[in-house]
Novice: 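One structure is given below, represented as structure tokens, and several questions about it will come after.
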Amino acid sequence: MQEIIDSKAYFSMELLDWYDRSKRDLPWRRYRDPYYIWVSEIMLQQTRVDTVIPYFQRFIERFPSITDLAEAPEEDVLKLWEGLGYYSRARNLQAAARQVVERHGGVVPNDKEAVSALKGVGPYTTGAILSIAYNQPQPAVDGNVMRVLSRYFLIEEDIMKAKTRSIMEELAAELIPHGRASDFNQALMELGALVCTPKSPCCLTCPVMEYCAARLEGVVDELPVKSKAKPPRPEFRFVALVEGSGRNEGRVLIRRRADTGLLARMWELPHALADTSPSEGAGMLDAPAMEQLAVELAKDGISVTPEGAYMDAEHTFSHIHWNLRVFRFGERVGRIAGVAETNGAYSSRGDNSIGTSKNGDASEYLWINQEDMASFAFPKVFLTILNRYFESK
DNA sequence: AACACGGGGAA
DNA sequence: TTCCCAGTGTT
């Protein structure tokens with residue numbers, strides 16, 4: 001007798017059964033606290049579970065409630081996010097926490113309009129919060145889900161296209177078993193993370209292998225179809241490691257980035273886009289490079305003397321590849337520093353800060369020692385350079 | 001629709 | 001080393 005199987009019902013039931021048996025014990029799964037779910041989902045965007053776990057734990061320890069997060073200084077939030085990347089996630093999360101306190105009495109809302117109105121919460125995270133925290137039958141389609149569905153249902157649309165995501169959302173919504181939205185959506189993502197992986201998927205241990213269309217057709221490795229992203233454009237930058245003298249002895253100069261754009265409001269070593277790509281074998285004394293940096297710093301009222309090349313470093317963003325050449329400089333103390341002071345110096349953190357307001361670009365400079373590193377959030381590459389410098393002193 | 005936005009892990 | 005991963009906001 002030929003048995004008629006509904007491949008969708010089979011998929012949902014087998015997947016749920018598998019999840020009940022083999023779900024991971026993750027910190028945000030120990031309670032069904034909507035705040036925990038929300039924070040974890042923001043951290044998990046573009047970021048692996050193993051990377052997120054320690055960040056999540058520190059974050060929740062420091063900000064146990066939405067109110068704690070809303071009331072914290074933004075620098076504290078950025079510092080806890082340091083190294084996790086995509087820092088607008090952190091800034092938006094805090095802005096959204098303030099929205100929740102003001103508009104929803106500090107409780108994560110449970111209706112679609114209110115959730116998706118939160119800063120940093122798009123279609124995926126809206127579905128994740130509503131389904132995982134509140135067990136509402138909303139789809140939560142991330143990359144894992146698109147990979148699983150594209151294979152099981154042999155969907156050959158390019159998953160980079162917006163249209164494909166809406167197709168996937170419609171399908172994912174149909175698959176949710178009655179009353180099991182929370183577990184089912186997590187199961188879908190768990191399968192993508194543990195079994196139906198991008199490369200070398202473990203089809204032989206997959207709970208739904210029997211009716212997986214891609215496996216039956218032998219095209220698992222061709223799916224999902226995904227158009228390639230543009231490679232990052234290269235940029236050569238010169239970086240200044242300025243060692244203080246006089247009252248800044250033992251400190252180095254750092255600068256805070258602008259309020260918007262790349263690495264917004266993070267701290268860094270001063271640097272500039274290279275006028276000329278660094279001459280081949282320029283060696284320790286690349287005069288044009290050091291001259292360019294000295295001129296840029298002088299514009300901000302900081303006078304320096306070049307000492308030589310220190311190290312090279314690289315950093316890749318999704319759209320830019322930085323080739324950094326770091327030069328050491330000494331701070332030149334004297335009348336020039338006095339000029340900076342009359343140009344609007346101020347002191348927000350003790351007596352070692354310099355602000356410049358000449359051209360309204362809000363550059364803020366500061367002299368820090370190794371212990372001060374704990375108070376400022378740096379992008380990874382500057383953390384690496386600074387740590388190396390202070391460790392080798 | 002196209003681009004901006006970090007960093008880590010696996011091959 | 002090189003490749004891969006992929007949500008949200010802005011324009």
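Naming: A, B, ... by sequence-line order, numbering from 1 per chain.
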Novice: Expressed as a whole number of angstroms, how long is the span from A:R165:CZ to B:dA2:P?
Specialist: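 Whole-Å distance recorded here is 16 Å.
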Novice: Which residue pairs satisfy the ring-ring contact (aromatic ring centres under 6.0 Å, His included) criterion with at least one member in residues 135-159 of chain A, sequence neighbours excluded?
Specialist: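 Passing the test, one end in residues 135-159 of chain A: A:F11-A:Y152, A:F11-A:F153.
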Novice: Is the shortest heavy-atom distance from the side chain of A:V239 to the side chain of A:E268 under 4.5 Å?
Specialist: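 Sidechains of A:E268 and A:V239: no contact.
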Novice: Is the backbone N or O of A:I302 less than 3.5 Å from a side-chain atom of A:D300, with the two atoms forming a donor-acceptor pair by type?
Specialist: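 Not confirmed, A:D300 side chain does not pair with A:I302 backbone.
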Novice: Please state the P separation for the pair C:dA6 and B:dA11 - nearest whole angstrom.
Specialist: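 Taking atom P in both C:dA6 and B:dA11, they lie 15 Å apart.
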Novice: Is it the case that over 12 heavy atoms from other parts of the model lie below 6.0 angstrom from the CZ atom of A:R21?
Specialist: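 Yes - once you tally the heavy atoms of other residues, nucleotides and ligands closer than 6.0 Å, there are more than 12.
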Novice: In dot-bracket notation, what is the pairing pattern of DNA chain B, taking Watson-Crick (N1-N3 plus N6-O4 or O6-N4) and G-U wobble (N1-O2 and O6-N3) contacts under 3.5 Å, with [ ] crossing and | for other strands?
Specialist: |||||.|||||
Novice: Could you pull out all donor-acceptor pairs under 3.5 Å where a side-chain atom in residues 310-317 of chain A meets a protein atom, sequence neighbours excluded?
Specialist:
from   : atom 1 : to     : atom 2 : distance (Å)
A:D312 : OD1    : A:R325 : NE     : 2.9
A:D312 : OD2    : A:R325 : NH2    : 3.1
A:E314 : OE1    : A:H321 : NE2    : 2.8
A:T316 : OG1    : A:H321 : ND1    : 2.7

Novice: What nucleotide, of B:dG7, B:dA4, B:dG6, holds the atom closest to the side chain of A:R233?
Specialist: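 Comparing B:dG7, B:dA4, B:dG6 against the side chain of A:R233, the answer is B:dA4.
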Novice: State which residue, out of A:Y35, A:F63, A:W38, A:W28, fulfils the ring-ring contact (aromatic ring centres under 6.0 Å, His included) condition with A:F56.
Specialist: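 Only one option passes, and that is A:W28.
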Novice: What parts of residues 180-198 of chain A reach DNA chain B, counting only heavy atoms under 4.0 Å away?
Specialist: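 Correct list: empty, so none.
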Novice: Nearest 0.5 angstrom please: A:N92 CG to A:L118 CG, how far?
Specialist: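 So the CG of A:N92 and the CG of A:L118 are separated by 10.5 Å.
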Novice: Not counting sequence neighbours, which residues clear salt bridge (Lys or Arg N to Asp or Glu O under 4.0 Å) with A:R388? List them please.
Specialist: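 Listed in chain order: nothing, the list is empty.
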Novice: In a check of side-chain contact (heavy atoms from CB on, under 4.5 Å) between A:V242 and each of A:V252, A:L297, A:L269, A:T305, which one passes?
Specialist: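 In the set A:V252, A:L297, A:L269, A:T305, the residue that makes a side-chain contact (heavy atoms from CB on, under 4.5 Å) with A:V242 is A:L297.
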Novice: Name the atoms and distances for all side-chain donor-acceptor pairs under 3.5 Å in residues 199-226 of chain A, with sequence neighbours left out.
Specialist:
from   : atom 1 : to     : atom 2 : distance (Å)
A:T205 : OG1    : A:C202 : O      : 3.1
A:R215 : NE     : A:M209 : O      : 3.0
A:R215 : NH2    : A:M209 : O      : 3.2

Novice: Is any side-chain heavy atom of A:F376 closer than 4.5 Å to one of A:E82?
Specialist: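 Counting from C-beta outward, A:E82 and A:F376 never come under 4.5 Å.
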Novice: Given the rule in the salt bridge (Lys or Arg N to Asp or Glu O under 4.0 Å) test, do A:K23 and A:E190 qualify, once you have shown the distances and angles that lead to the verdict?
Specialist: CA-CA 7 Å; A:K23 65 180 169 194; A:E190 194 88 336; over 6 Å; no
Novice: Where is the tightest heavy-atom contact between A:I167 and A:E157, given as atom of each residue plus distance?
Specialist: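 A:I167 and A:E157 have their closest heavy atoms at CD1-CG, 4.3 Å.
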Novice: List in numerical order all residues of residues 41-61 of chain A for which some heavy atom is under 4.0 Å away from an atom belonging to DNA chain C.
Specialist: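 Close to the strand are A:Q45, A:Q46.
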Novice: Taking only residues two or more places apart in sequence, or in another chain, which ones meet A:D20 in a salt bridge (Lys or Arg N to Asp or Glu O under 4.0 Å)?
Specialist: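 Applying salt bridge (Lys or Arg N to Asp or Glu O under 4.0 Å) to A:D20 gives A:R180.
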Novice: Salt-bridge test for A:R29 and A:D25: reply yes if a basic N is under 4.0 Å from a carboxylate O, no otherwise.
Specialist: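 Here A:R29 does not pair with A:D25 in a salt bridge, since their nearest N and O are not under 4.0 Å apart.
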Novice: At a heavy-atom distance below 4.0 Å, which nucleotide of DNA chain C is the first touched by chain A, and which is the last?
Specialist: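 From 5' to 3', the first and last contacting nucleotides are C:dC4 to C:dG9.
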Novice: Is there a donor in the side chain of A:Q186 and an acceptor in the side chain of A:S182, or the other way round, less than 3.5 Å apart?
Specialist: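 Judged by distance alone, the side chains do pair up.
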Novice: If you take any heavy atom closer than 4.0 Å to DNA chain B, which residues from residues 76-97 of chain A end up in contact?
Specialist: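 Within this stretch, A:G83, A:L84, A:G85, A:Y86, A:Y87 sit under 4.0 Å of the strand.
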Novice: Distance between the P atoms of C:dT11 and B:dG6, in whole angstroms?
Specialist: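 Taking atom P in both C:dT11 and B:dG6, they lie 15 Å apart.
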Novice: Where along residues 124-134 of chain A does a heavy atom fall under 4.0 Å from DNA chain C?
Specialist: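 Per residue number, the list reads A:Y124, A:T125.
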Novice: Between A:T260 and A:S200, which residue's closest nucleotide on DNA chain B lies nearer the 5′ terminus?
Specialist: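 Whichever sits nearer the 5' end wins; that is A:T260.
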Novice: Could I get the full list of salt bridge (Lys or Arg N to Asp or Glu O under 4.0 Å) partners for A:E169, not counting sequence neighbours?
Specialist: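 Result, salt bridge (Lys or Arg N to Asp or Glu O under 4.0 Å) vs A:E169: A:R165.
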Novice: Tell me whether the side-chain N/O atoms of A:H315 come closer than 4.0 Å to OP1 or OP2 in B:dG7.
Specialist: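 So the side chain of A:H315 is within the cut-off, an N or O lying under 4.0 Å from OP1 or OP2 of B:dG7.
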Novice: With respect to the phosphate group of B:dC3, does any side-chain polar atom (N or O) of A:H319 fall under 4.0 Å of OP1 or OP2?
Specialist: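 For A:H319, the contact criterion (side-chain N or O under 4.0 Å from OP1 or OP2 of B:dC3) is not met.
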Novice: When you compare the side chain of A:W367 with that of A:D372, does any pair of heavy atoms fall below 4.5 Å?
Specialist: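 No, their side chains stay 4.5 Å or more apart.
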Novice: If hydrophobic clusters are built from ILVMFWY residues whose side chains come within less than 4.5 Å, do A:M146 and A:M160 share one?
Specialist: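 Different clusters.
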Novice: With a 4.0 Å cut-off on heavy atoms, is A:K226 in touch with a base, just the backbone sugar-phosphate, or nothing at all?
Specialist: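 Here A:K226 touches the bases of the nucleic acid.
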Novice: Identify whether any heavy atom of A:I159 sits under 4.0 Å from a base atom; if not, whether one sits that close to sugar-phosphate; answer base, sugar-phosphate or nothing.
Specialist: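 No contact.
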